[in-house]
Colleague: 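Could you have a look at this structure, given as structure tokens, before my questions?
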Amino acid sequence: MSARKPGRGEPARAGGGTVAVLEKRGRFLMATPFFDRGDRIVVDRDRRAGPGDLVLLHARGQGRGHAKVARKIGRPDVARDVLEALMLDRGLERSFPDRVERAAAQATAPEAIVPEGPRRDLRSLTTFTVDPAGARDFDDAISAEELDDAGEGRTRVWVHIADVAAYVRPGSPVDREARRRATSVYVPGTVEPMLPHALSSDLCSLRPDEDRLAVTVEMEFAGPKVEKVSFHRSTIRSDARLDYDRVDRIFAGHEPALEPWAGPLAAARRVSAALQRARESRGALTVESSEPEFSFDEAGNVVEARPVPQTESHRLIEHLMIAANEQVATLLESRGVPALYRVHERPEPEAVKRLVEQLAALEVPTPPVPEPMSPQQAGDLVGEISRMVDAHVRRTGRGRRALTSLVLRSLKQAHYSPRNLGHAGLGSPRYLHFTSPIRRYPDLIAHRALLSAVGGGEEAPRASGLEEEGVWTSARERDAMKVERDADDIARSFLLDRELRELGPGAVWDGEVVGLAPVGAFVAFGDGAHDYEGLLPVRRMRGDWWELDELGVVLRGTRSGATIRLGDPVKVTVGRVDSPRGRVDLHRVEV
């Protein structure tokens, strides 16, 4: 993560350094930069590290080309060590300052766990969490019940979110550090948390069978419509820690739901289904994706990469969280309370026209394009396009990643702003992030704003500082996403290298073109169990001169007229794997 100017009142953080590999050169210990090109560095001898070790170096004094070992990281052929090195290289701290750790360990809420004053006791509600199986912190929980006496189709849902604001006071050491980090960063096998462990995995984690402080959004639904809403500081007690896989097995009828949470889960499922239908009808984007979940052995080697698709259990939690976020945004806007909104502006009409041209060139059905096209029409049109692309992919069985990428690139990037400009991707006129204050600083700002509005004992954020907060947190989010993408590429490359050693040279893979650039085609390939991605360089495709068309969707051979299009199936062999940098070069197999 790149270094950035500290926020107001924050000292510049010493740190950084160079990640390098040590080697012996005569009587000198030298280091070669690992991720970036650079001259070799003379290193002071250190008992902790020797030749072949991956280390973090700090410059020694004012002399150029001299450094000392700040930390031994591990070995450059071990995936877990390289991922740790990547995080250090990008400026992540990998620990908290002592003063922040002490403050977090000593943190107490302003009132006892037993509710007093404005805090409502909701421990009698049946409550459960649903998270990935490997989750360590739980910042949201659900309660739900059918309202039989209020009419058919009515359901009450409580969305409970960890009351981080009760423990993290504005201007405190923990708050300043959380604001500086702005977001947690998740890489395979580890995390750079926004909050120290004492808070993120203990006091603020809604663990089962423990009393916890929360902020609750209580919504009464008639179908997908919220007819009543209220907000409370609360005390809750989770009855069960469920995971996505288990909930999906329950929904598929492969495992029974247990009391006391079976009924509330079924009620939440009905509301989620109604919200899904409403979301589709209001023109929200339809974008399916899957995230990899990596497994490591004890030595730190990647042994598995399991794709985690967005299933019904994921959508259940997503829809309920979106509903809570919308209700908080609606209240804050109606009362004029300063807040950070999650803004996703409508796409530019010209970008949508280009998207239609790109899809048409790939023979993907598209809707009629109005002339002229307003921003409102552009937003509606891209939602319709996303649904048509989804239907095309389901019908043909290919093109999911490539076509989804085209749709996403036609959109503006979501960001944080004190001005509510709506969320085009969700088709929502008012939206903010409220449901993950353990891992996102804008959510903590939303908590303080909400609690100030409902008499919860917090001061409203200062409007004068929110523009800067929006710019800062948006930038930190983009940095985190870049680190996470690069880390996934590195982990996949290590796994591929391991698999190639087992298969032997010359293994042929079925692949699909997922991206194009003047330098070549990016190809996703794999055996079904593991998915990889590499570059098929045009310089390796002999006998022709390849040019990328102006729409960026077809590589065309100028001599032969042959084409490589987004979504095309190809057969490839792996030429070179640079695991530490997450790079894979491919060769095309002619059929």
Side-chain angles (χ1 to χ4, degrees), residues 113-115 117-131 138-151 153-166 204-242 247 257-275 313 315-332 432-438 443 446-447 450-451 453-456:
I113 196 74
V114 177
R119 193 172 295 279
R120 182 169 295 186
D121 189 349
L122 299 179
R123 288 174 291 182
S124 62
L125 287 176
T126 297
T127 300
F128 57 89
T129 59
V130 184
D131 292 279
F138 316 114
D139 51 12
D140 58 81
I142 299 296
S143 304
E145 66 177 5
E146 296 290 347
L147 300 176
D148 295 333
D149 58 345
R154 300 180 72 87
T155 309
R156 183 175 290 122
V157 175
W158 295 261
V159 173
H160 313 286
I161 306 300
D163 190 356
V164 175
C204 294
S205 184
L206 307 181
R207 301 187 302 200
D209 303 317
E210 296 185 23
D211 290 350
R212 285 292 184 263
L213 303 184
V215 179
T216 296
V217 181
E218 181 179 342
M219 296 170 284
E220 188 172 311
F221 288 90
K225 184 180 179 182
V226 178
E227 295 206 329
K228 294 181 182 178
V229 62
S230 57
F231 309 89
H232 327 288
R233 260 191 154 150
S234 60
T235 306
I236 68 165
R237 188 177 180 89
S238 175
D239 296 276
R241 181 259 195 272
L242 307 180
V247 172
L258 304 179
E259 297 300 338
W261 48 265
L265 177 62
R269 185 186 188 187
R270 284 189 284 272
V271 171
S272 173
L275 289 170
S313 63
R315 290 191 292 272
L316 180 147
I317 297 302
E318 177 186 10
H319 288 314
L320 296 181
M321 296 304 115
I322 288 173
N325 287 336
E326 289 177 326
Q327 293 305 314
V328 173
T330 298
L331 177 79
L332 294 179
L432 53 65
H433 279 164
F434 164 80
T435 51
S436 294
I438 288 177
D443 300 55
H447 274 238
L450 172 67
L451 292 170
V454 299

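Values below: all heavy atoms of this structure, side chains included; hydrogens, waters and symmetry mates excluded.
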Colleague: Using the salt bridge (Lys or Arg N to Asp or Glu O under 4.0 Å) criterion, which residues pair with R269? Sequence neighbours excluded.
Modeller: E312
Colleague: Which residues satisfy the side chain to side chain contact (heavy atoms under 4.5 Å, CB included) test with A162, sequence neighbours excluded?
Modeller: D139, V164, C204, L206, I438
Colleague: Who pairs with R241 by side chain to side chain donor-acceptor pair (under 3.5 Å), at least two apart in sequence or on another chain?
Modeller: none
Colleague: Output side-chain donor-acceptor pairs under 3.5 Å for residues 222-230, partner residues at least two apart or in another chain, one line each.
Modeller:
residue: E227; atom: OE1; partner: R154; partner atom: NH1; Å: 2.8
residue: E227; atom: OE1; partner: R154; partner atom: NH2; Å: 2.8
residue: S230; atom: OG; partner: H232; partner atom: NE2; Å: 3.3

Colleague: Output all residues satisfying side chain to side chain contact (heavy atoms under 4.5 Å, CB included) with A324, sequence neighbours left out; order by chain, then residue number.
Modeller: V159, V217, M219, T435
Colleague: Check side chain to side chain donor-acceptor pair (under 3.5 Å) between S313 and all other residues, then give those that pass, not counting sequence neighbours.
Modeller: D248, T311
Colleague: Who pairs with E210 by salt bridge (Lys or Arg N to Asp or Glu O under 4.0 Å), at least two apart in sequence or on another chain?
Modeller: R207, R212
Colleague: Name all pairs fulfilling the salt bridge (Lys or Arg N to Asp or Glu O under 4.0 Å) condition that reach into residues 320-332, sequence neighbours left out, sorted by first residue then second.
Modeller: R282-E326
Colleague: Kindly write out the residues that satisfy side chain to side chain contact (heavy atoms under 4.5 Å, CB included) with A262, not counting sequence neighbours, or none if the list is empty.
Modeller: A257, E259
Colleague: T126: what forms a side chain to side chain donor-acceptor pair (under 3.5 Å) with it, not counting sequence neighbours?
Modeller: none
Colleague: In chain order, what residues pass the side chain to side chain contact (heavy atoms under 4.5 Å, CB included) check against R237, with sequence neighbours excluded?
Modeller: R123, D209, D211
Colleague: Who pairs with H433 by side chain to side chain donor-acceptor pair (under 3.5 Å), at least two apart in sequence or on another chain?
Modeller: Y416
